[in-house]
Amino acid sequence: MSKIGQGAIIHPMAVVEDGAVIGENAKIGPFCYVGPHVTLGDCCELLPHAVVTGRTTIGGNARIFPNAVIGADPQSIHHAGEETTLTIGDNCTMREGVTMNTGTAEGGGKTVVGDNNLFLANSHVAHDCQLGSNIILSNNVMLAGHVKVEDRVILGGGAAVHQFTRIGRQAFIGGLSAVSYDVIPYGMLNGNPGLLGGLNVVGMTRAGIARSVIHEVRRAYKQIFEGEGSARVNAAALRDQYLDCPPVLEILDFIAAESDRALSSPFRGKS
């Protein structure tokens, strides 16, 4: 039996499978499909023809627009029907044609999406991705499997992100960019192949980061990417200079962390 919360409205032409859990005051429109292992939080709204399937849990106040398919099997040749999951936080909007897949057994079995995210039309979140909060995926953005996107990242329309790539907090990815390598926090990447074009100063300012701090981050950026050594070597040598500047330390920690991908830089062939 399905568990239907108080005040939920389910259109008679929608299909809600036995076993689904529907939160209070949820709205499910005509021709929607909700699978037997789905949990929808309070005040979720599914517009006509939205599909939520798989072992999918969605937090409160989600809006899912027509022809979105949320929680389908991973698009991986290695997937053999294992029970994997998709978890989405609160206040997320998935516009027309958005697709999100559950994880794969080899990738940990979990695709995870945080809170307050906006996914514009036809954007895609593949298996085993790990997304933070307050992220915007513009129209037709494609995230391949195992991608990690930190908080407050914006990806412009048509951007494509290679599998296992990391995108640091508050980075900005320009439209139609090809993201083949990791992008540092606060970085701004454009082009195909994608190259760093500096820092997301507008985003930093809107986030309330002081101008003096932004100047420090700019100085560290130049030392990392314009120094004589590689970016990783340069970054490792800077920590003692910036112990009182958390944004720079965040960048240095990101660079020092283990990764399957190289590091995006302003220059081709240098990381």
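The main-chain N or O of Ala80 is found under 3.5 Å from a side-chain atom of Glu82 such that the two form a donor-acceptor pair. Listed for the Thr111 side chain is a donor-acceptor partner under 3.5 Å among the backbone atoms of Asn101. Side chain of Asn91 to main chain of Asn61: no donor-acceptor pair is present (N/O by atom type, distance under 3.5 Å, no hydrogens or angles). One N or O on the side chain of Asp115 and one on the backbone of Asp90 form a donor-acceptor pair closer than 3.5 Å.
Contact check on Glu45 versus Lys27 returns no salt bridge, with no Lys/Arg side-chain nitrogen under 4.0 Å from an Asp/Glu carboxylate oxygen. Salt-bridge annotation for Lys148 and Asp182: absent, with no side-chain N of the basic residue lying under 4.0 Å from a carboxylate O of the acidic one.
Between Asn200 and the choices Arg169, Gln170, Arg152, the side-chain contact (heavy atoms from CB on, under 4.5 Å) rule is met once, by Gln170. With Arg219 as the fixed residue, the side-chain contact (heavy atoms from CB on, under 4.5 Å) test singles out one of His215, Lys222, Gln223: Gln223.
Taking the side chain as every heavy atom from C-beta outward, Met94 and Ile88 approach each other to under 4.5 Å. Between Leu86 and Ile70 the shortest side-chain heavy-atom distance falls below 4.5 Å.
Distance check, rounded to the nearest 0.5 Å: CD1 of Ile224 to CG of Leu196 gives 10.0 Å.
A pairwise comparison of heavy atoms in Asn117 and Gly132 identifies ND2-O, 3.0 Å as the closest pair. Contact record, Thr84 with Thr104: CG2-C, 3.9 Å, taken as the closest heavy-atom pair.
Figure legend: Arg261 and Phe164 shown without cation-pi pairing, the cationic atom not lying both under 6.0 angstrom from the six-membered ring centre and within 45 degrees of its axis.
Remark: the Tyr221 side chain and the Glu226 side chain contain no N/O donor-acceptor pair separated by less than 3.5 Å.
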